[in-house]
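Read through the structure below, which is laid out as structure tokens, and then see the notes.
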Amino acid sequence: MKRLLIAILLALPLLAAPAQAQTTEEQHLEFMGIPIDGTLNAFAQKLQAKGMEIIGREDNIITLSGTFAGASDCTISLFGTSKKEIWRASADSNWDYYTSWSSLSNHYFRWKEILTQKYGNPLVCIEEFQSTYPPDSDAMKWIYVNSGKCNYRSEFYTENGYIILHINNLGINKNYVGIIYTDWINEQKNIDSAIDDL
């Protein structure tokens, strides 16, 4: 009996080792079901396998086009460190789809609802028009968006990174819904890389 007890006690650390290895393994935020980790090129290849098309390369950024979360013709941007390792991914909807505040805000709130179901309520949520007199009609809200006076932003924080959903304006009738995924671990690597450069 004593021998059996000693054998069990000696085997316990060996049984715990694989579980310990799993808990210390780095976890990364996912974008389109892919962990935000590895090289820019490898990540872009995984998106190409999902039907995305590369439309540009510049410094440490790769740009793709394709369908994201049910919206077609989205622009996907992948951001890398100076060592070409991915740390952030974003998706911007096509502004050609929006001709009114209702069409733009419906898209924003649809993505917000899905993100809330997946990650819980946003930690930060600002949804306002920057004006003394809040707009009271769809047409007036659209004018405010076009003049850059719309501040709609929801931020979701997780153990592995954070996601920012926002409405953006690039000019008259160039309004879109954007979403940014940033991985905590690789964001720090990007900061460390910048520190090394300075």
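Not measured: the values here are computed from a predicted model.
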Inter-residue atom distance [X].[atom1] - [Y].[atom2], 0.5 Å rounding:
X    : Y    : atom1 : atom2 : value
N169 : N175 : CG    : CG    : 4.5 Å
T182 : F31  : OG1   : CZ    : 11.0 Å
D183 : E85  : CG    : CD    : 11.0 Å
I54  : I62  : CD1   : CD1   : 5.5 Å
I76  : T67  : CD1   : OG1   : 9.0 Å
S154 : I179 : OG    : CD1   : 10.0 Å

Give the cluster check for [X] versus [Y]: same hydrophobic cluster or not, with ILVMFWY residues linked at side-chain heavy-atom distances below 4.5 Å.
X    : Y    : value
W142 : F109 : yes
Y97  : V177 : yes
F68  : L64  : yes
F43  : I61  : no
I34  : I163 : yes

Smallest separation among heavy atoms of [X] and [Y], with atom names:
X    : Y    : result
D138 : S100 : OD2-CB, 3.4 Å
A89  : L78  : CB-CD2, 3.9 Å
A71  : H107 : CB-CE1, 3.8 Å
N60  : S82  : ND2-CA, 3.7 Å

Per ring-ring contact (aromatic ring centres under 6.0 Å, His included), Y152 is matched among Y144, Y176, Y108 by Y108
Are side-chain heavy atoms of [X] and [Y] found at a separation under 4.5 Å?
X    : Y    : answer
W101 : P135 : no
K112 : C125 : yes
D96  : D73  : no
H28  : I185 : yes
R110 : N106 : no
N151 : E128 : yes
N160 : E30  : no
V145 : F129 : yes

_Can you tell me if K174 has over 12 outside heavy atoms packed within less than 6.0 Å of its NZ?_
no
Q) What do you reckon, is NZ of K189 surrounded by more than 12 foreign heavy atoms closer than 6.0 Å? A) yes
So, [X] side chain and [Y] main chain: donor-acceptor pair closer than 3.5 Å or not?
X    : Y    : answer
N186 : I36  : yes
N146 : N173 : yes
D92  : G178 : no
K50  : M32  : yes

Let's go through Y162 and E187 carefully: what are the C-alpha distance in whole Å and the side-chain angles of both, what is the deciding distance for side chain to side chain contact (heavy atoms under 4.5 Å, CB included) to 0.1 Å, and is it a yes or a no? CA-CA 10 Å; Y162 59 96; E187 180 184 41; 2.7 Å; yes
Exercise. When you look at F156 and Y181, which way does the side chain to side chain contact (heavy atoms under 4.5 Å, CB included) test go after all the steps?
Worked result: CA-CA 10 Å; F156 299 83; Y181 289 71; over 6 Å; no
Problem set entry | I180 and R88: CA distance, side-chain angles, deciding distance, side chain to side chain contact (heavy atoms under 4.5 Å, CB included) verdict | CA-CA 7 Å; I180 304 165; R88 173 177 282 171; 3.5 Å; yes
Between D192 and Q188, does the side-chain hydrogen bond (donor to acceptor under 3.5 Å, both in side chains) criterion hold? Intermediate values first, please. CA-CA 6 Å; D192 293 343; Q188 187 57 53; 2.9 Å; yes
